[in-house]
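Remarks on the structure that follows.
All figures in this text were calculated on a predicted structure; none of them were measured in a lab. Computed from heavy atoms alone, side chains included, the values below leave out hydrogens, waters and symmetry copies.
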Amino acid sequence: MTHYALTQSVALAADLEARGFLGTVGKIAAATVIFFIAIGLVVGLLIGFFVGRAVGRNKARVPD
């Protein structure tokens, strides 16, 4: 019985350690994805701004 309890406690410790590691990896992956999405939004806004100015779109005119 002692051997079984020792085996179970070692398995539980290994499982908890693996969960902690995977949780950390998941948080790093999520932060990386959010970072790249934010960079993409900023770059897209800048490109859109400068392309809009280069094209020189005019404001809609209301006919008299």
Side-chain angles (χ1 to χ4, degrees):
M1 188 65 177
T2 305
H3 183 271
Y4 177 75
L6 182 62
T7 304
Q8 289 300 317
S9 62
V10 169
L12 179 65
D15 186 43
L16 290 176
E17 184 179 354
R19 284 185 189 174
F21 175 73
L22 292 177
T24 303
V25 170
K27 289 176 186 175
I28 292 171
T32 303
V33 168
I34 291 170
F35 174 75
F36 281 119
I37 288 173
I39 293 295
L41 286 173
V42 170
V43 169
L45 284 172
L46 288 173
I47 290 173
F49 176 75
F50 287 114
V51 167
R53 287 183 58 91
V55 169
R57 57 188 175 120
N58 296 324
K59 294 181 181 176
R61 294 183 185 157
V62 178
D64 290 331

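- For T32, the side-chain contact (heavy atoms from CB on, under 4.5 Å) partners two or more places apart in sequence, or in a different chain, are I28, F36.
- Under the 4.5 Å side-chain contact rule for hydrophobic residues, V42 and I34 do not share a cluster.
- Under the side-chain contact (heavy atoms from CB on, under 4.5 Å) criterion, V51 pairs with I47, V55, sequence neighbours left out.
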